[in-house]
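Notes follow the structure.
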2 protein chains.
Amino acid sequence: MKPVNKQVYKYRAEILKALAHPLRLAIVDYLGDGEKCVCDIIDYLGEKQSNVSRHLSLLRQTGIVDTRKEGLNVYYSLKFPCTNNFFSCVDNILQRQHEEKKAVLKQL
Amino acid sequence: MKPVNKQVYKYRAEILKALAHPLRLAIVDYLGDGEKCVCDIIDYLGEKQSNVSRHLSLLRQTGIVDTRKEGLNVYYSLKFPCTNNFFSCVDNILQRQHEEKKAVLKQL
DNA sequence: ATATTATATTATAATTTGGTAATATAGTAA
DNA sequence: TTACTATATTACCAAATTATAATATAATAT
């Protein structure tokens with residue numbers, strides 16, 4: 001494997017790692033609805049403020065979301081361009097997983 | 001957030017976590033070329049056998065790859081349906097990241 | 001100025017993940 | 001049978017990730 005490729009995989013892995021957490025996926029999905037302030041996101045997730053804030057900052061660092069400050073509030077929005085395609089791909093794997101499990105059970 | 005959604009995000013996160021590693025991304029990319037035996041993959045990656053084997057088994061467990069045994073060799077192949085769309089989405093974010101960094105530097 | 005509110009950051013402890021060496025398994029060959 | 005080869009699994013330690021509590025910051029209001 002070429003060193004250049006190695007580097008590309010490393011970069012891609014960073015993006016995927018940033019998405020690979022239930023709360024962060026929930027945030028991304030929630031923001032699909034449009035810009036939200038942190039307080040909304042905290043309410044929606046029902047998680048501790050510091051926890052949500054840390055996940056948000058990771059998403060921002062990675063360039064998946066954008067922020068805008070207005071008074072005391074900070075508004076987060078998606079910069080992630082292709083949520084639908086992306087997740088339908090993931091869900092496709094999930095469906096297969098499920099079908100395989102069903103097939104195994106059928107054999108009993 | 002509904003508990004059902006929570007579960008979906010957890011499942012999705014598991015798939016993404018399985019992909020979110022440089023070596024595993026390299027494997028997925030390499031398999032895009034067609035079925036390969038473990039020995040080929042080890043050579044390609046230049047990593048320890050046990051390490052490669054562990055990454056492969058994770059990919060299999062998650063349903064991202066499939067295996068077929070032939071004599072002493074085990075052949076791995078992609079079950080992942082939409083590599084191109086998927087990664088172009090990730091690369092899109094990487095490009096934006098890069099452009100933003102460039103823009104920041106320009107301001108000096 | 002002080003108080004209040006929304007959000008971010010830091011420190012910490014628990015858990016998970018990653019790499020390696022050693023060992024196990026399973027197929028083939030002699 | 002024994003030996004050999006390809007791959008998988010296990011046990012171990014180091015490093016990264018996570019959630020929480022505590023603290024800090026920054027904008028507004030009094």
Side-chain angles (χ1 to χ4, degrees), chain A residues 1 6-7 9-28 30-31 35-78, chain B residues 1 3 6-7 9-28 30-31 35-79:
Chain A
M1 186 176 35
K6 220 169 202 166
Q7 193 56 45
Y9 298 133
K10 209 169 141 189
Y11 287 145
R12 283 183 177 170
E14 265 169 54
I15 303 281
L16 290 175
K17 248 196 294 188
L19 288 166
H21 187 284
L23 287 182
R24 294 195 291 270
L25 288 176
I27 291 169
V28 166
Y30 186 48
L31 293 181
E35 191 186 57
K36 308 280 179 191
C37 78
V38 177
C39 50
D40 288 337
I41 300 173
I42 291 171
D43 280 358
Y44 177 66
L45 298 177
E47 289 285 323
K48 296 277 157 76
Q49 180 267 324
S50 58
N51 196 19
V52 174
S53 186
R54 266 158 49 70
H55 286 296
L56 285 171
S57 95
L58 207 168
L59 287 172
R60 186 178 40 177
Q61 273 180 44
T62 322
I64 294 168
V65 302
D66 215 344
T67 61
R68 178 175 71 81
K69 190 156 194 176
E70 192 179 314
L72 274 179
N73 297 308
V74 176
Y75 289 86
Y76 279 75
S77 57
L78 266 191
Chain B
M1 185 177 34
K6 221 172 203 167
Q7 193 57 44
Y9 298 133
K10 210 169 140 192
Y11 287 145
R12 283 184 177 171
E14 265 170 53
I15 304 281
L16 290 174
K17 247 196 293 187
L19 288 166
H21 186 283
L23 287 182
R24 294 195 291 271
L25 289 176
I27 292 169
V28 167
Y30 186 48
L31 294 181
E35 191 186 56
K36 306 282 180 192
C37 78
V38 177
C39 50
D40 288 338
I41 301 171
I42 291 172
D43 281 357
Y44 177 66
L45 297 178
E47 290 284 324
K48 295 278 156 78
Q49 180 266 325
S50 60
N51 194 21
V52 174
S53 187
R54 264 156 53 69
H55 285 297
L56 285 171
S57 96
L58 208 168
L59 288 172
R60 185 179 41 177
Q61 274 180 44
T62 322
I64 294 168
V65 301
D66 213 345
T67 61
R68 177 177 73 80
K69 188 156 195 176
E70 192 180 313
L72 275 176
N73 297 308
V74 175
Y75 289 86
Y76 279 75
S77 58
L78 265 192
K79 255 161 97 183

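Numbers restart at 1 for each chain; the letters A, B, ... are given by sequence-line order, proteins then strands.
Distance CG/A/L19 to NZ/B/K17: 13.5 Å, rounded to 0.5 Å. Distance check, rounded to the nearest 0.5 Å: CD1 of A/I27 to CG of A/L59 gives 5.5 Å.
Across all strands shown, D/dT30 forms a Watson-Crick or G-U wobble pair with C/dA1, both key distances being under 3.5 Å.
The side-chain heavy atoms of B/N51 and B/L23, taken from C-beta on, include a pair separated by under 4.5 Å.
Within the structure, every side-chain polar atom (N or O) of B/K69 is placed at least 4.0 Å from both OP1 and OP2 of C/dA26. Using a 4.0 Å cut-off, no side-chain N or O of A/Y76 falls inside it from OP1 or OP2 of C/dA6. When the side-chain nitrogen and oxygen atoms of A/N73 are compared with OP1 and OP2 of C/dT7, one or more of them lie within a distance under 4.0 Å. Between D/dT17 and A/H55, no contact under 4.0 Å exists linking OP1 or OP2 to a side-chain N or O. The side chain of A/H21 places no N or O atom within less than 4.0 Å of a non-bridging phosphate oxygen (OP1 or OP2) of D/dA16. Contact annotation: A/R54 side-chain N/O to D/dT20 OP1/OP2 distance is not under 4.0 Å.
Note: CG (A/L59) to P (C/dT7) measures 16 Å, nearest angstrom. Rounded to whole Å, the distance from OH on A/Y75 to P on C/dA6 is 11 Å. The CD1-C1' distance, from A/I27 to D/dT18, rounds to 14 Å in whole Å. Summarising the geometry, the separation between NZ on B/K48 and C1' on C/dA22 is reported as 13 Å, rounded to the nearest angstrom. One atom, CD1 of B/I42, and another, P of C/dT20, lie 13 Å apart when rounded to the nearest Å. For B/E14 and D/dT17, the CD to C1' distance is 16 Å, given to the nearest whole Å. In this structure, the CG atom of A/N51 is 4 Å from the P atom of D/dA19, given to the nearest Å. Put simply, CG on B/L23 is 16 Å from C1' on D/dA16, counting in whole angstrom units.
Residues A/E47 and A/I42 share a closest heavy-atom pair of O-CG2, 3.5 Å.
Ring geometry for B/Y44 versus B/Y30: interplanar angle under 30°, hence parallel rather than tilted (30 to 60°).
Proximity note for B/S50 (side chain, C-beta onward) versus D/dT7, C/dT20, D/dA6: the nearest is C/dT20. Closest approach to the A/R24 side chain among C/dA21, D/dT18, C/dA6 is made by D/dT18 (side chain taken as heavy atoms from C-beta onward). Of the candidate nucleotides D/dT18, C/dG19, C/dA8, D/dT18 has the atom nearest to the side chain of A/L58.
A donor N or O paired with an acceptor N or O is found under 3.5 Å between the base of C/dA8 and the side-chain atoms of A/Q49.
For the pair B/C37 and A/L72, both in contact range of DNA chain D, the more 5′-proximal nearest nucleotide belongs to B/C37.
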